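From a predicted model like this one, the values you see are computed outputs, not experimental measurements. We count ligands from 1, going down the list as the structure has it; atoms in each ligand are counted the same way.
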Amino acid sequence: MSTGLKPETEFGKVIRDRHSVRKYDPSWVISNEEIQEILNEAILAPSSSNLQPWRFIVITDPEVKAKLLPVANNQQQVVDASATIAVLGDVHAYENADVIYESAIAKGIMPSDLGLAMAKRSREGYSSMPDQKRKEIALIDGGLVSMQLMLAAKARGYDTVPMGGFNPAAFRELFQIPERYETVMLIALGKAAVEGHPTVRLPLESVVQWNSFEG
Ligand SMILES: Cc1cc2nc3c(=O)[nH]c(=O)nc-3n(C[C@H](O)[C@H](O)[C@H](O)COP(=O)(O)O)c2cc1C
């Protein structure tokens, strides 16, 4: 059923106008407050059992950016963008289940017995999962929050580029990342100096099948 929404809503425009930008104005500063606002919108993303495994390192210090540059395959946007945000995923996010559900109970969003049951179920369910499964969940949820971050930034007139082109081991070493965190991606965030170029998409009919899947 149609929702009646027109495709050219402001949100539709944000989606269509987002392109990966690789050339940034190096003099442009985005205030910490505005970066926090973008992150606050990003973390409204959904996550498995609402465990919110995402963690972020916001890199704005030129010295730290310079150290990151060789780790990120010398991609210049890492230093020229106002910030490079590293998205991490906590493989042990279930340890926060009590904090999260108790907060939902305290806010009156969830009845106490349901909240406590959900917390127990999350704690027990996730702690008994194989590590590999929890890593996959952290990466999936990390991808969702990353996309939301990029759209939140675009809605404010900024641009981004997601980056998988970095050396995860060297990144871990640089920031002394404990093993429980997966590295999801880096995202450069800033003011475009050169617009991102349009990219093509496979036609919808080649990526969508209805009601069955034939590979
Ligand atoms: C997980 C992931 C990793 C990526 N890594 C890089 C990267 O390291 N460097 C880069 O310039 N672009 C990178 N990209 C950007 C893609 O090249 C880009 O999203 C794609 O070509 C589509 O273009 P668009 O983002 O402008 O729509 C990455 C994108 C994703 C989703």
Side-chain angles (χ1 to χ4, degrees), residues 7-26 28 30 38-39 41-43 45-48 52-60 64-91 132 134-175 177 181-208:
E8 264 316 304
T9 55
E10 283 184 31
F11 183 62
K13 186 165 161 45
V14 168
I15 292 174
R16 285 174 178 75
D17 285 354
R18 186 213 57 82
H19 300 291
S20 288
V21 162
R22 300 176 177 88
K23 300 239 181 300
Y24 289 88
D25 176 350
W28 194 280
I30 306 180
I38 291 168
L39 286 168
E41 290 176 352
I43 62 171
S47 61
S48 182
Q52 307 160 54
W54 42 69
R55 302 290 179 269
F56 306 92
I57 310 173
V58 181
I59 303 151
T60 52
V64 185
K65 284 178 175 176
K67 286 184 189 157
L68 183 59
L69 183 63
V71 169
N73 300 346
N74 291 312
Q75 299 192 65
Q76 188 63 25
Q77 59 263 28
V78 164
V79 284
D80 286 349
S82 310
T84 292
I85 299 177
V87 183
L88 310 176
D90 185 0
V91 177
Q132 183 55 32
R134 286 199 303 262
K135 281 183 187 170
E136 286 166 13
I137 292 170
L139 292 173
I140 290 169
D141 293 348
L144 291 172
V145 81
S146 297
M147 185 71 251
Q148 190 135 309
L149 192 165
M150 292 187 278
L151 293 178
K154 188 68 196 171
R156 288 165 182 272
Y158 297 121
D159 284 289
T160 55
V161 58
M163 288 172 284
F166 64 96
N167 178 331
F171 178 85
R172 283 184 174 282
E173 174 73 20
L174 178 60
F175 289 97
I177 307 291
Y181 300 100
E182 286 291 291
T183 51
V184 179
M185 68 181 78
L186 303 176
I187 302 175
L189 163 70
K191 197 76 183 161
V194 177
E195 297 278 295
H197 57 81
T199 50
V200 294
R201 293 297 184 267
L202 295 167
L204 197 61
E205 57 273 21
S206 72
V207 296
V208 177

* **Side-chain donor or acceptor of R18 paired with backbone N/O of A153 under 3.5 Å** => no

* With sequence neighbours left out, what residues match F175 under ring-ring contact (aromatic ring centres under 6.0 Å, His included)? -> F171

* Answer yes or no: are there more than 12 heavy-atom neighbours, outside K191 itself, under 6.0 Å from its atom NZ? => yes

* To do: Would you check ligand 1 and list the protein residues that come within less than 4.0 Å of it by any heavy atom, ordered by chain and number?
  => R18, H19, S20, R22, Q75, Q77, V161, P162, M163, G164, G165, T199, R201

Using distance only, find each side-chain donor-acceptor pair of residues 156-165 under 3.5 Å and give its atom names and separation, not counting sequence neighbours.
residue : atom : partner : partner atom : Å
R156    : NH1  : E37     : OE1          : 2.9
R156    : NH2  : E37     : OE1          : 3.4
R156    : NH2  : E41     : OE2          : 3.2
Y158    : OH   : E34     : OE1          : 2.7
D159    : OD1  : K154    : NZ           : 2.8

* Asked: If you measure from the Lys or Arg side-chain nitrogens to the Asp or Glu carboxylate oxygens, is any gap between R55 and D90 under 4.0 Å?
  -> yes

* Results of side-chain hydrogen bond (donor to acceptor under 3.5 Å, both in side chains) for N167 - residues two or more places apart only -> none

